[in-house]
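In this chain, residues are counted from 1 in sequence order. Values below: all heavy atoms of this structure, side chains included; hydrogens, waters and symmetry mates excluded.
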Amino acid sequence: MNSNKKAAKIVGVLFILAAVTAIIGVILYDPILNSPDYLIKGAEHADQVITGALMELILVVSAVGTATTMFPILRRYNETIALWHVCFRFLEAVVITVGVISVLSLLTLSREFVAAGAPDTVSFQTSGTILKAIHDWTFLLGPNFMLGINTVMYSYIFYKSKLVPRFIPILGMTGAALVFLCALLVMFGVIEQVSVWGAVLALPVAANEMILAVWLIAKGFNESAIAAMSAKKK
(Lines give C-alpha, C1' and ligand atoms only; values in the text may rest on other atoms or scores of the structure.)
Protein backbone atom coordinates (compact mmCIF):
# COMPACT_ATOMS: atom_id res chain seq x y z
CA MET A 1 0.00 0.00 0.00
CA ASN A 2 1.53 3.35 -1.03
CA SER A 3 1.54 6.33 1.29
CA ASN A 4 -1.36 8.09 -0.48
CA LYS A 5 -3.67 5.10 -0.16
CA LYS A 6 -2.66 4.65 3.47
CA ALA A 7 -3.36 8.32 4.18
CA ALA A 8 -6.77 8.06 2.47
CA LYS A 9 -7.76 5.07 4.59
CA ILE A 10 -6.63 6.80 7.78
CA VAL A 11 -8.64 9.92 6.92
CA GLY A 12 -11.72 7.82 6.14
CA VAL A 13 -11.50 5.91 9.41
CA LEU A 14 -10.98 9.13 11.38
CA PHE A 15 -14.03 10.78 9.78
CA ILE A 16 -16.18 7.81 10.80
CA LEU A 17 -14.64 7.71 14.29
CA ALA A 18 -15.31 11.43 14.74
CA ALA A 19 -18.97 11.05 13.72
CA VAL A 20 -19.57 8.01 15.94
CA THR A 21 -17.91 9.47 19.04
CA ALA A 22 -19.72 12.80 18.57
CA ILE A 23 -23.10 11.05 18.55
CA ILE A 24 -22.24 8.84 21.52
CA GLY A 25 -20.98 11.86 23.47
CA VAL A 26 -24.24 13.77 22.97
CA ILE A 27 -26.27 10.75 24.12
CA LEU A 28 -24.14 10.14 27.21
CA TYR A 29 -24.31 13.79 28.26
CA ASP A 30 -28.12 13.66 28.46
CA PRO A 31 -28.48 13.35 32.29
CA ILE A 32 -26.32 16.38 33.01
CA LEU A 33 -27.29 18.64 30.11
CA ASN A 34 -30.98 17.91 29.53
CA SER A 35 -32.42 16.65 32.80
CA PRO A 36 -34.46 19.16 34.87
CA ASP A 37 -32.67 17.75 37.94
CA TYR A 38 -29.22 17.86 36.35
CA LEU A 39 -27.54 18.90 39.63
CA ILE A 40 -28.60 15.54 41.06
CA LYS A 41 -28.67 13.39 37.92
CA GLY A 42 -25.17 14.44 36.92
CA ALA A 43 -23.61 12.99 40.07
CA GLU A 44 -25.81 9.87 39.82
CA HIS A 45 -24.57 9.22 36.27
CA ALA A 46 -20.99 10.43 36.77
CA ASP A 47 -19.36 7.49 34.97
CA GLN A 48 -21.69 7.96 32.01
CA VAL A 49 -20.87 11.67 31.80
CA ILE A 50 -17.13 11.02 32.04
CA THR A 51 -17.40 8.42 29.27
CA GLY A 52 -19.20 11.02 27.17
CA ALA A 53 -16.31 13.43 27.79
CA LEU A 54 -13.83 10.75 26.70
CA MET A 55 -15.86 10.24 23.51
CA GLU A 56 -15.60 13.94 22.74
CA LEU A 57 -11.86 13.90 23.38
CA ILE A 58 -11.59 11.08 20.84
CA LEU A 59 -13.61 13.32 18.51
CA VAL A 60 -11.04 16.09 19.06
CA VAL A 61 -8.13 13.79 18.24
CA SER A 62 -9.96 12.45 15.18
CA ALA A 63 -10.76 15.93 13.88
CA VAL A 64 -7.15 17.06 14.19
CA GLY A 65 -6.04 13.77 12.67
CA THR A 66 -8.11 14.26 9.52
CA ALA A 67 -6.60 17.69 8.93
CA THR A 68 -2.97 16.77 9.57
CA THR A 69 -3.21 13.57 7.53
CA MET A 70 -4.79 15.37 4.56
CA PHE A 71 -2.37 18.30 4.71
CA PRO A 72 0.46 16.73 2.66
CA ILE A 73 -2.08 15.88 -0.05
CA LEU A 74 -4.00 19.17 -0.05
CA ARG A 75 -0.86 21.34 0.00
CA ARG A 76 0.16 20.00 -3.41
CA TYR A 77 -2.74 21.96 -4.90
CA ASN A 78 -2.85 25.01 -2.61
CA GLU A 79 -0.58 25.19 0.42
CA THR A 80 -2.22 28.31 1.84
CA ILE A 81 -5.74 26.84 1.92
CA ALA A 82 -4.34 23.53 3.21
CA LEU A 83 -2.63 25.38 6.07
CA TRP A 84 -5.78 27.37 6.82
CA HIS A 85 -7.68 24.10 6.97
CA VAL A 86 -5.28 22.69 9.57
CA CYS A 87 -5.40 25.88 11.65
CA PHE A 88 -9.20 26.14 11.63
CA ARG A 89 -9.52 22.42 12.39
CA PHE A 90 -7.25 22.93 15.40
CA LEU A 91 -9.43 25.88 16.42
CA GLU A 92 -12.52 23.69 16.10
CA ALA A 93 -10.82 21.11 18.34
CA VAL A 94 -9.98 23.78 20.93
CA VAL A 95 -13.59 24.99 21.01
CA ILE A 96 -14.88 21.43 21.49
CA THR A 97 -12.33 20.86 24.26
CA VAL A 98 -13.60 23.95 26.09
CA GLY A 99 -17.06 22.39 25.89
CA VAL A 100 -15.73 19.16 27.41
CA ILE A 101 -14.15 21.14 30.26
CA SER A 102 -17.47 22.91 30.91
CA VAL A 103 -19.31 19.57 31.17
CA LEU A 104 -16.71 18.10 33.52
CA SER A 105 -16.88 21.29 35.61
CA LEU A 106 -20.66 20.90 35.69
CA LEU A 107 -20.17 17.34 36.92
CA THR A 108 -17.96 18.63 39.75
CA LEU A 109 -20.65 21.17 40.61
CA SER A 110 -23.25 18.40 40.67
CA ARG A 111 -21.12 16.30 43.01
CA GLU A 112 -20.61 19.27 45.32
CA PHE A 113 -24.35 19.96 45.28
CA VAL A 114 -25.17 16.39 46.33
CA ALA A 115 -22.41 16.30 48.94
CA ALA A 116 -23.59 19.58 50.51
CA GLY A 117 -26.93 18.01 51.50
CA ALA A 118 -28.98 21.20 51.83
CA PRO A 119 -27.01 23.77 49.84
CA ASP A 120 -27.91 27.21 48.54
CA THR A 121 -29.78 25.96 45.49
CA VAL A 122 -29.88 29.33 43.73
CA SER A 123 -26.10 29.80 43.69
CA PHE A 124 -25.55 26.26 42.41
CA GLN A 125 -28.19 26.69 39.71
CA THR A 126 -26.64 30.00 38.64
CA SER A 127 -23.23 28.37 38.25
CA GLY A 128 -24.82 25.43 36.47
CA THR A 129 -26.62 27.71 34.02
CA ILE A 130 -23.35 29.43 33.13
CA LEU A 131 -21.52 26.13 32.57
CA LYS A 132 -24.36 24.76 30.44
CA ALA A 133 -24.36 27.98 28.40
CA ILE A 134 -20.62 27.61 27.76
CA HIS A 135 -21.20 24.08 26.50
CA ASP A 136 -24.12 25.17 24.31
CA TRP A 137 -22.04 27.89 22.65
CA THR A 138 -19.08 25.60 22.07
CA PHE A 139 -21.46 22.98 20.66
CA LEU A 140 -22.63 25.62 18.18
CA LEU A 141 -19.30 27.23 17.31
CA GLY A 142 -17.30 24.00 16.98
CA PRO A 143 -19.44 21.37 15.21
CA ASN A 144 -21.39 23.97 13.20
CA PHE A 145 -19.61 27.29 12.64
CA MET A 146 -16.00 26.05 12.40
CA LEU A 147 -17.06 22.81 10.71
CA GLY A 148 -18.66 24.82 7.91
CA ILE A 149 -15.45 26.76 7.30
CA ASN A 150 -13.26 23.64 7.39
CA THR A 151 -15.49 21.68 5.04
CA VAL A 152 -15.49 24.46 2.44
CA MET A 153 -11.68 24.50 2.43
CA TYR A 154 -10.99 20.83 1.81
CA SER A 155 -14.03 20.43 -0.47
CA TYR A 156 -12.83 23.31 -2.66
CA ILE A 157 -9.44 21.64 -3.14
CA PHE A 158 -11.06 18.26 -3.76
CA TYR A 159 -13.30 19.84 -6.41
CA LYS A 160 -10.55 21.75 -8.21
CA SER A 161 -7.99 18.95 -8.07
CA LYS A 162 -10.36 16.03 -8.75
CA LEU A 163 -8.79 14.06 -5.88
CA VAL A 164 -12.22 12.46 -5.40
CA PRO A 165 -15.31 12.40 -7.67
CA ARG A 166 -16.72 15.90 -7.94
CA PHE A 167 -20.17 15.02 -6.61
CA ILE A 168 -18.56 14.54 -3.17
CA PRO A 169 -17.01 18.03 -2.81
CA ILE A 170 -20.15 19.57 -4.35
CA LEU A 171 -22.16 17.94 -1.57
CA GLY A 172 -19.48 19.06 0.87
CA MET A 173 -19.61 22.73 -0.13
CA THR A 174 -23.41 22.67 -0.14
CA GLY A 175 -23.47 21.05 3.29
CA ALA A 176 -20.88 23.50 4.58
CA ALA A 177 -22.97 26.47 3.48
CA LEU A 178 -26.08 25.00 5.11
CA VAL A 179 -24.43 24.13 8.42
CA PHE A 180 -22.83 27.60 8.51
CA LEU A 181 -26.27 29.11 7.86
CA CYS A 182 -27.66 26.92 10.64
CA ALA A 183 -25.04 28.31 13.04
CA LEU A 184 -25.96 31.89 12.15
CA LEU A 185 -29.71 31.22 12.52
CA VAL A 186 -29.14 29.66 15.94
CA MET A 187 -26.90 32.52 17.04
CA PHE A 188 -29.60 35.05 16.20
CA GLY A 189 -32.33 32.96 17.83
CA VAL A 190 -34.23 32.15 14.62
CA ILE A 191 -34.11 28.37 15.19
CA GLU A 192 -32.95 25.97 17.90
CA GLN A 193 -29.81 23.96 17.21
CA VAL A 194 -31.41 20.74 18.42
CA SER A 195 -34.54 20.92 16.29
CA VAL A 196 -36.01 19.62 13.05
CA TRP A 197 -34.57 22.54 11.07
CA GLY A 198 -31.21 22.16 12.80
CA ALA A 199 -31.11 18.50 11.81
CA VAL A 200 -32.19 19.21 8.22
CA LEU A 201 -29.50 21.86 7.74
CA ALA A 202 -26.81 19.65 9.30
CA LEU A 203 -27.71 16.48 7.38
CA PRO A 204 -25.92 17.27 4.05
CA VAL A 205 -22.54 17.94 5.70
CA ALA A 206 -22.88 14.76 7.77
CA ALA A 207 -23.75 12.79 4.62
CA ASN A 208 -20.75 14.31 2.84
CA GLU A 209 -18.35 13.20 5.57
CA MET A 210 -19.67 9.63 5.58
CA ILE A 211 -19.69 9.33 1.77
CA LEU A 212 -16.19 10.80 1.62
CA ALA A 213 -15.00 8.44 4.37
CA VAL A 214 -16.33 5.35 2.62
CA TRP A 215 -14.88 6.47 -0.72
CA LEU A 216 -11.43 7.10 0.76
CA ILE A 217 -11.37 3.75 2.53
CA ALA A 218 -12.57 1.86 -0.54
CA LYS A 219 -10.96 3.79 -3.41
CA GLY A 220 -8.49 6.29 -1.97
CA PHE A 221 -7.40 9.52 -3.61
CA ASN A 222 -7.21 9.84 -7.41
CA GLU A 223 -3.58 8.94 -8.09
CA SER A 224 -3.56 10.67 -11.49
CA ALA A 225 -4.75 13.89 -9.85
CA ILE A 226 -1.96 13.62 -7.26
CA ALA A 227 0.58 13.03 -10.02
CA ALA A 228 -0.72 16.06 -11.94
CA MET A 229 -0.46 18.28 -8.85
CA SER A 230 3.07 17.03 -8.12
CA ALA A 231 4.15 17.70 -11.71
CA LYS A 232 2.70 21.22 -11.58
CA LYS A 233 4.74 21.96 -8.42
CA LYS A 234 8.00 21.06 -10.14
Side-chain angles (χ1 to χ4, degrees), residues 9-35 38 41-42 44-67 69-70 88-104 106-107 131-151 154-155 168 171-172 174-176 178-183 185-186 191-218:
K9 290 184 182 296
I10 292 173
V11 172
V13 170
L14 289 176
F15 266 123
I16 293 174
L17 184 61
V20 171
T21 52
I23 293 170
I24 294 175
V26 170
I27 294 172
L28 294 179
Y29 280 163
D30 187 69
I32 201 165
L33 291 180
N34 301 319
S35 173
Y38 68 92
K41 295 295 182 181
E44 289 179 353
H45 298 84
D47 290 345
Q48 177 179 328
V49 173
I50 292 172
T51 303
L54 290 174
M55 290 295 104
E56 285 218 298
L57 290 176
I58 295 174
L59 161 62
V60 166
V61 173
S62 300
V64 173
T66 59
T69 306
M70 284 197 292
F88 275 97
R89 186 67 83 178
F90 267 97
L91 185 56
E92 177 188 345
V94 169
V95 171
I96 295 173
T97 302
V98 172
V100 173
I101 294 171
S102 69
V103 172
L104 293 176
L106 187 58
L107 176 60
L131 291 172
K132 289 175 71 174
I134 292 172
H135 174 268
D136 290 345
W137 280 108
T138 58
F139 187 56
L140 173 65
L141 295 177
N144 277 29
F145 194 89
M146 293 298 174
L147 177 62
I149 296 174
N150 289 324
T151 304
Y154 73 71
S155 294
I168 298 177
L171 177 60
T174 302
L178 291 176
V179 80
F180 190 80
L181 173 63
C182 177
L185 292 176
V186 173
I191 64 172
E192 295 290 331
Q193 184 173 4
V194 182
S195 64
V196 173
W197 275 111
V200 169
L201 292 173
L203 183 59
V205 76
N208 166 71
E209 289 190 351
M210 291 305 96
I211 293 171
L212 175 61
V214 171
W215 181 272
L216 291 178
I217 292 171

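With rounding to the nearest 0.5 Å, the separation of CG in D136 from NZ in K132 is 7.5 Å. A distance of 11.5 Å separates CG of L131 from CD1 of I101, quoted to the nearest 0.5 Å. Summarising the geometry, atom CG belonging to L33 is positioned 7.5 Å from atom OG belonging to S102; distances are rounded to the nearest 0.5 Å.
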Distance-only donor-acceptor hits, side chain of residues 15-30, under 3.5 Å, sequence neighbours excluded:
{"from": "T21", "atom 1": "OG1", "to": "L17", "atom 2": "O", "distance (Å)": "2.7"}
{"from": "T21", "atom 1": "OG1", "to": "A18", "atom 2": "O", "distance (Å)": "3.1"}
{"from": "Y29", "atom 1": "OH", "to": "E56", "atom 2": "OE1", "distance (Å)": "3.2"}
{"from": "D30", "atom 1": "OD1", "to": "N34", "atom 2": "ND2", "distance (Å)": "2.9"}

*Kindly indicate, with the supporting measurements, whether the criterion side-chain contact (heavy atoms from CB on, under 4.5 Å) is fulfilled by T66 and E209.*
CA-CA 11 Å; T66 59; E209 289 190 351; over 6 Å; no
*Mind running side-chain contact (heavy atoms from CB on, under 4.5 Å) on V186 and I191 for me, showing each step along the way?*
CA-CA 5 Å; V186 173; I191 64 172; 3.8 Å; yes
_The test is side-chain contact (heavy atoms from CB on, under 4.5 Å); show your working for L106 and H135 and say whether it passes._
CA-CA 10 Å; L106 187 58; H135 174 268; over 6 Å; no
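Between L140 and A183, the shortest heavy-atom contact is CD1-CA, 3.6 Å. Heavy-atom minimum distance, N144 versus C182: ND2-SG, 3.6 Å. Minimum heavy-atom separation, I96 to G142: CG1-CA, 4.5 Å. Contact record, P204 with L201: CD-O, 3.6 Å, taken as the closest heavy-atom pair.
Using a 4.5 Å heavy-atom cutoff, the side chains of I217 and V13 are in contact.
Under the rule for a ring pair (Phe, Tyr, Trp, His ring centres under 6.0 Å), the partners of F145 that lie at least two apart in sequence or sit in another chain are F180. Residues that satisfy the ring pair (Phe, Tyr, Trp, His ring centres under 6.0 Å) test with Y38, not counting sequence neighbours, are absent from this structure. L203 is linked by a side-chain contact (heavy atoms from CB on, under 4.5 Å) to nothing, counting only residues two or more places apart in sequence or in another chain. K41 meets the salt bridge (charged side-chain N to carboxylate O under 4.0 Å, His left out) test with E44; sequence neighbours excluded. Taking V95 as the reference, T138, L141 meet the side-chain contact (heavy atoms from CB on, under 4.5 Å) condition, with sequence neighbours excluded. Under the side chain to side chain donor-acceptor pair (under 3.5 Å) criterion, Y154 pairs with N208, sequence neighbours left out. When the side-chain contact (heavy atoms from CB on, under 4.5 Å) test is applied to T69, the partners found at least two apart in sequence or on another chain are A7, I10, V11, L14. Taking the side chain to side chain donor-acceptor pair (under 3.5 Å) definition, one finds that E92 meets it with R89, N150, sequence neighbours left out. In this structure L181 satisfies the side-chain contact (heavy atoms from CB on, under 4.5 Å) test together with L185, sequence neighbours excluded.
With hydrogens and angles disregarded, a donor-acceptor distance shorter than 3.5 Å links the side chain of Q193 to the backbone of F139. The main-chain N or O of G148 is never found under 3.5 Å from a side-chain atom of T151 such that the two would form a donor-acceptor pair.
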